Amino acid sequence: MRCPNHLEPLLDAYLLDWVNLLLRWAHVIVAIAWIGSSFYFVFLDNSLTKPVDPVLKDKGVDGELWAVHGGGFYHPQKYLVAPKVMPEHLHWFYWESYSTWLTGFALFTVLYLFNAGTFLVDKSVYDWSATAAIAASLGFLVVCWLVYDIICRAFGQKKNGDLIVGLGVLAFVVFASWLACQLFAGRAAFLLVGAMLATSMSANVFFWIIPGQRTVVAQLKAGQAVDPVHGWRAKQRSVHNTYFTLPVLVAMLSNHYGWLYTGAHNWVVLVLLMLAGALIRHSFVVRHKALVQGKRVPWEHAGVGTAVLIGLAIWLAPPPPSAADRLAAAQPVTFTAVKAVIDQRCSLCHNAQLASKNVALHTPELIKQHAQMVYQQAAVLKLMPLNNATQITDAERTLIKRWYESGAPIH
């Protein structure tokens, strides 16, 4: 039996929400697997000690680690450049990366590309067509990888190459963050910058790490001498990936907090958040080396990253209320005033005909029923209206906040 025409949009939205949920769930699961293995292998590489056992040395073991976990003892060993004989069973780590990118891109397509006019485009930021915004967003993913790869190829093997590559990538990410925030809705810009870094991470695995390892395996099987450059390149890109992880995560998560991306200098906020993540990650990387070498753990990098976050919190904190604000706050909030705001700013997408996210706000009873959600989305997180399409003001958000905190009365 066919649904009535007015129910079809609701059914489509409901099914889309299920796709959104399942893709997001899958994306988080495989991302945990990928980032977890990345963290583990960076820890392992930086925690290995030179073997003492002559048998291990004769086998070609360059580093070993004894660990205890889950009621058992583990003894991982690392060969440089490779074992003398190829083992029968060899595990490859790459599907974690590919699955993370594929589910992430699918989620980006469902949420942003299919609704580009709503989610990518904010005409108060840049007035262009949805088609152009889609093309530009895909261009960000491709260009980021190309620029990053060129920087690595050009400077990665030079003296102080790691420092030069790091500064080059930082400069490009700052520029890309600024440009994204000039072209796209703030929420989309934050997500897109995270997505372009994540794309480069997965491209590192696809174009460099796995092909290099396959070349080493092929050389071993053919009885040829193993070229160490493949291991060096794979190691270089793996280290880059581990530094990208926390910036990517904070960029992905921060787009859920409207007060981060709605300001005039939102690109600075994004850059500082990612910089803090990279500094904190660096602190943990060098910590592993320091512990093995018996040196002082250099926590100052994490300290600087934490200071950046504290500085951001202070900078973005709402200003103290003025005398006029205090006077207004002393006045009781009437439901009539709140409903007028909701009717003007919210009911366009939340009404009897179009109950976006199954939320309708066209009657006092429905407003009361969804009061907490309205408070959270409009007053606390400042996520709604999406891209502030209806131009709700800070004073109106404050009005909703005061109404809800006074008990959300409707009489």
Side-chain angles (χ1 to χ4, degrees), residues 9 12-31 98-145 173 176-203 244 247-262 266-267 269-270 273-274 348-350 354 356-359 377 381-390:
D12 290 344
Y14 174 72
L15 294 176
L16 191 62
D17 279 344
W18 266 105
V19 173
N20 183 349
L21 169 63
L22 296 178
L23 279 175
R24 193 181 298 271
W25 191 13
H27 183 56
V28 170
I29 291 171
V30 293
Y98 301 162
S99 299
T100 301
W101 190 87
L102 289 170
T103 55
F105 185 76
L107 191 59
F108 179 65
T109 300
V110 169
L111 287 177
Y112 285 85
L113 300 187
F114 282 174
N115 301 283
T118 301
F119 286 91
L120 284 180
V121 177
D122 181 347
K123 293 188 181 297
S124 67
V125 174
Y126 192 75
D127 190 356
W128 57 346
S129 69
T131 301
I134 291 172
S137 66
L138 297 176
F140 263 77
L141 304 184
V142 175
V143 170
C144 176
W145 159 246
V173 170
S177 299
W178 171 82
L179 183 60
C181 289
Q182 308 308 306
L183 296 177
F184 300 98
R187 184 178 186 181
F190 276 44
L191 180 78
L192 189 57
V193 172
M196 74 180 198
L197 291 177
T199 297
S200 294
M201 291 173 65
S202 199
F244 285 157
V248 166
L249 287 174
V250 77
M252 296 295 188
L253 294 174
S254 62
N255 76 89
H256 294 286
Y257 300 90
W259 43 271
L260 286 173
Y261 60 72
T262 53
N266 52 356
W267 68 274
V269 175
L270 176 59
L273 281 173
M274 293 190 295
L348 182 66
C349 298
H350 301 283
L354 177 61
S356 180
K357 301 296 181 183
N358 291 325
V359 176
Q377 297 295 313
L381 299 177
K382 297 183 178 180
L383 288 174
M384 294 293 155
L386 187 64
N387 296 336
N388 200 11
T390 57

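Predicted model, so just to flag it, every value in this text is computed and none were measured. Along the sequence shown, residues are numbered consecutively beginning with 1.
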Can you list the residues that meet the side-chain contact (heavy atoms from CB on, under 4.5 Å) rule with I29, with sequence neighbours excluded?
-> W25
side-chain contact (heavy atoms from CB on, under 4.5 Å) with V19: which residues, sequence neighbours excluded?
->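 Testing V19 for side-chain contact (heavy atoms from CB on, under 4.5 Å), a comparison that skips the adjacent residues, returns L23, V110.
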Check ring pair (Phe, Tyr, Trp, His ring centres under 6.0 Å) between Y112 and all other residues, then give those that pass, not counting sequence neighbours.
-> F108, F119
List the steps and the verdict of side chain to side chain contact (heavy atoms under 4.5 Å, CB included) for Y261 and V269.
-> CA-CA 8 Å; Y261 60 72; V269 175; over 6 Å; no
Closest heavy-atom contact between L383 and G258?
->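 Between these two residues, the closest heavy atoms are CD2-N, 3.7 Å.
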Minimum heavy-atom separation for S177 to M274, with atom names?
->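 S177 and M274 have their closest heavy atoms at OG-CE, 3.6 Å.
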Which residues satisfy the side-chain hydrogen bond (donor to acceptor under 3.5 Å, both in side chains) test with N388, sequence neighbours excluded?
-> none
Quick one: [atom1] on [X] to [atom2] on [Y], what's the gap to the nearest 0.5 Å?
| X | Y | atom1 | atom2 | result |
| --- | --- | --- | --- | --- |
| L120 | L113 | CG | CG | 6.0 Å |
| L16 | L21 | CG | CG | 11.5 Å |
| L102 | H27 | CG | NE2 | 10.5 Å |

Whether N20 side chain and L111 backbone form a donor-acceptor pair below 3.5 Å | no
D122 side chain to S124 main-chain N or O, any donor-acceptor pair under 3.5 Å?
->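 Yes, because the side chain of D122 sits within donor-acceptor range (under 3.5 Å) of the backbone of S124.
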Please indicate whether L348 has more than 12 foreign heavy atoms, meaning atoms of other residues, nucleotides or ligands, lying under 6.0 Å from its CG.
->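 No, the 6.0 Å shell around CG holds no more than 12 heavy atoms from other groups.
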Enclosure of Y98 OH (heavy-atom neighbours >12, cutoff 6.0 Å) | yes
Hey, does C349 have a side-chain heavy atom less than 4.5 Å from the side chain of M384?
-> no
Donor-acceptor list for residues 129-142 side chains, cut-off 3.5 Å, not counting sequence neighbours:
residue, atom, partner, partner atom, Å
S129, OG, A132, N, 3.1
S137, OG, A133, O, 3.4
S137, OG, I134, O, 2.7

Going through the checks in order, is the side chain to side chain contact (heavy atoms under 4.5 Å, CB included) test met by H256 and L381?
-> CA-CA 8 Å; H256 294 286; L381 299 177; over 6 Å; no
Under 3.5 Å, which donor-acceptor pairs link side chains of residues 181-201 to any protein atom two or more places apart or in another chain?
residue, atom, partner, partner atom, Å
Q182, NE2, W178, O, 3.2
R187, NE, N255, O, 3.3
R187, NE, N255, OD1, 3.4
T199, OG1, W101, NE1, 2.9
T199, OG1, A195, O, 2.8
S200, OG, M196, O, 3.3

